[in-house]
Amino acid sequence: MLEPDEVSAILRLNELGWGSKRIARELGISRNTVKEYIAAGGWTPYRQPQRKKALEGQESWLKERLRQHRGNADVIRQELAAEKGIVVCLRTVERAVQRYRQELAAEARATVRFETAPGKQLQIDFGERLVEIGGAKVRVYLFVATLGYSRRHHVRAFRNERQENWFDGLESAFMKFGGVPEEVLFDNARALVVEHDAITRTVVFNDKLSAFAKHWGFRPRACAPYRARTKGKTENGVGYVKRNAIAGRAFPSWDALEAHLEAWTREVADLRQHGTTGEPPIERFRRAEAQALKPIVGRPPFQAAREVIRRVQADCAVEIDGNAYSVPWRLIGEMVRVMIADGLVRIHHGIHEVAVHPICAGRRRRVVDPEHFAGLTGFRSNRAAALAGSSVAPHSPALLRPLGEYEAIVGGGF
DNA sequence: CAAGGTAAAGTCCGATTGAC
DNA sequence: GTCAATCGGACTTTACCTTG
């Protein structure tokens, strides 16, 4: 590649009538080169090698995946191979996405700097902690919901991290705040995630949560595990509760713990001068967030579509919300799936629906289908046989109710 | 065509960071 | 604290271009 002034020298000499051979000799370059530049009529910039870029045309795809995978280039490399059949080394992907990193980092900073809009987001976290209750160390699962704008907390204590407790906690938060936010951000939501792909880092919520979210009208979001905990969050809700409300305290009973959490939220957490907002959460909530939440007036609780697993008790029934619902007596001791929806309690054993009852509103009631006791006439003879020392059927029911009650039921039903 | 130049791709390695 | 994942700098190889 010649410099522009060398090329202009060629052209000048050519204009003077010099032959290409002479010019080449004079300038110490090849005749081919002289002829080429004369033909071209001047200096041409060096034509870049037309080497194909391995990731040519993938710019927007890369950008999107980079965002999706929170900056993990190796994941993108794997997806490139799997989805597009483009096999390149990690470094190549690194270089390709590098320019997008800055953009994403700037966005991340921006989302930290700019506060969440009122009513926009509720952040949920479950944390466990040993708490002294009644003199014993008890494992307590703390459910903490924090409104993004006002930073107002709602705290509940549970004995486990089961799905129904997530729902219970959320519903109680909606009740307390008097509304539903646009989205709910789940941190560490093991009980609610069906699929958590470690490679692609995608999260699939289970159907139940989807239904719950639809029922209440919020959008569920999983907090990405990638560095989300440390970046941007100045205060972790559960950590704050653990340090400030629980640490160093002992409680005489579970009820006392719950009462304390409630009072602490009201008298301490709601009133504190928040480090970032510089305002007590309760004031900020009343000023702007309360009216920004979607009202819940007239919405029934989600239990309209609940599902629980129960073991059939020895009295031929399963207990749901303090009431007992009968099932066929042969299922005593078996695990059954109970679906509570549309005013009905539907009980499944395996794939078979074995009982349907209307939901009982009260407490300590028994809802009985006499059919479930059909065949119990053999019960007395079994029992008599057992008493006589003969073999007993494996599922021979050990009924807790007085025999007379069953007889009355069976007699009344037939 | 061979030699040499350029830019992209690939390789290696140390530093950093998060999980434990 | 260790360990592993990840990133980016420095270097090497490869692909494509120009020149002699």
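Keep in mind that this is a model prediction, so the values were computed, not measured. Every chain is numbered from 1 and lettered A, B, ... according to where its sequence line falls, protein lines coming before strand lines.
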Partners passing salt bridge (charged side-chain N to carboxylate O under 4.0 Å, His left out) against Arg286(A) (at least two apart in sequence or in another chain):
none
Residues which pass ring-ring contact (aromatic ring centres under 6.0 Å, His included) with Phe285(A), listed by chain and number, not counting sequence neighbours
Phe177(A)
Please report the distance, rounded to the nearest Å, between CD1 in Ile76(A) and P in dA5(C).
18 Å
List the residues meeting side chain to side chain contact (heavy atoms under 4.5 Å, CB included) with Arg95(A), not counting sequence neighbours, and say none if there are none.
Arg91(A)
Applying salt bridge (charged side-chain N to carboxylate O under 4.0 Å, His left out), can you list everything that pairs with Arg156(A), at least two apart in sequence or on another chain?
Asp168(A)
Could you pull out the protein-nucleic contacts involving nucleotides 9-11 of chain C (nitrogen or oxygen on both sides, under 3.5 Å)?
unit_1 : atom_1 : unit_2   : atom_2 : d
dG9(C) : N7     : Arg91(A) : NH2    : 3.2
dG9(C) : O6     : Arg91(A) : NE     : 3.2

Have a look at Ala24(A) and say if it touches a base, only the backbone sugar-phosphate, or nothing, with a 4.0 Å heavy-atom cut-off.
nothing
By ring-ring contact (aromatic ring centres under 6.0 Å, His included), which residues pair with Phe251(A), not counting sequence neighbours?
His260(A)
Watson-Crick or G-U pairs under 3.5 Å in DNA chain B, rendered as dot-bracket with [ ] for crossing pairs and | for another strand:
||||||||||||||||||||
Using salt bridge (charged side-chain N to carboxylate O under 4.0 Å, His left out), reason through Glu319(A) and Arg310(A) one step at a time and then give a plain yes or no.
CA-CA 8 Å; Glu319(A) 192 170 303; Arg310(A) 289 283 188 273; over 6 Å; no
Of all residues at least two apart in sequence or in a different chain, which pass the ring-ring contact (aromatic ring centres under 6.0 Å, His included) check with His154(A)?
none
I want to confirm an ordering. Mapping Val34(A) and Asp74(A) to their closest nucleotides on DNA chain C, which one lands closer to the 5' end?
Asp74(A)
Could you pull out all donor-acceptor pairs under 3.5 Å where a side-chain atom in residues 287-295 of chain A meets a protein atom, sequence neighbours excluded?
unit_1    : atom_1 : unit_2    : atom_2 : d
Arg287(A) : NE     : Glu279(A) : OE2    : 3.1
Arg287(A) : NH2    : Glu279(A) : OE1    : 2.8
Arg287(A) : NH2    : Glu279(A) : OE2    : 2.9
Glu289(A) : OE1    : Ser150(A) : N      : 2.8
Glu289(A) : OE1    : Ser150(A) : OG     : 2.7
Glu289(A) : OE2    : Gly119(A) : N      : 2.8
Gln291(A) : NE2    : Arg287(A) : O      : 2.8
Lys294(A) : NZ     : Gly217(A) : O      : 2.4

In whole Å, I'd like the distance from the CD atom of Glu94(A) to the P atom of dC13(B).
18 Å
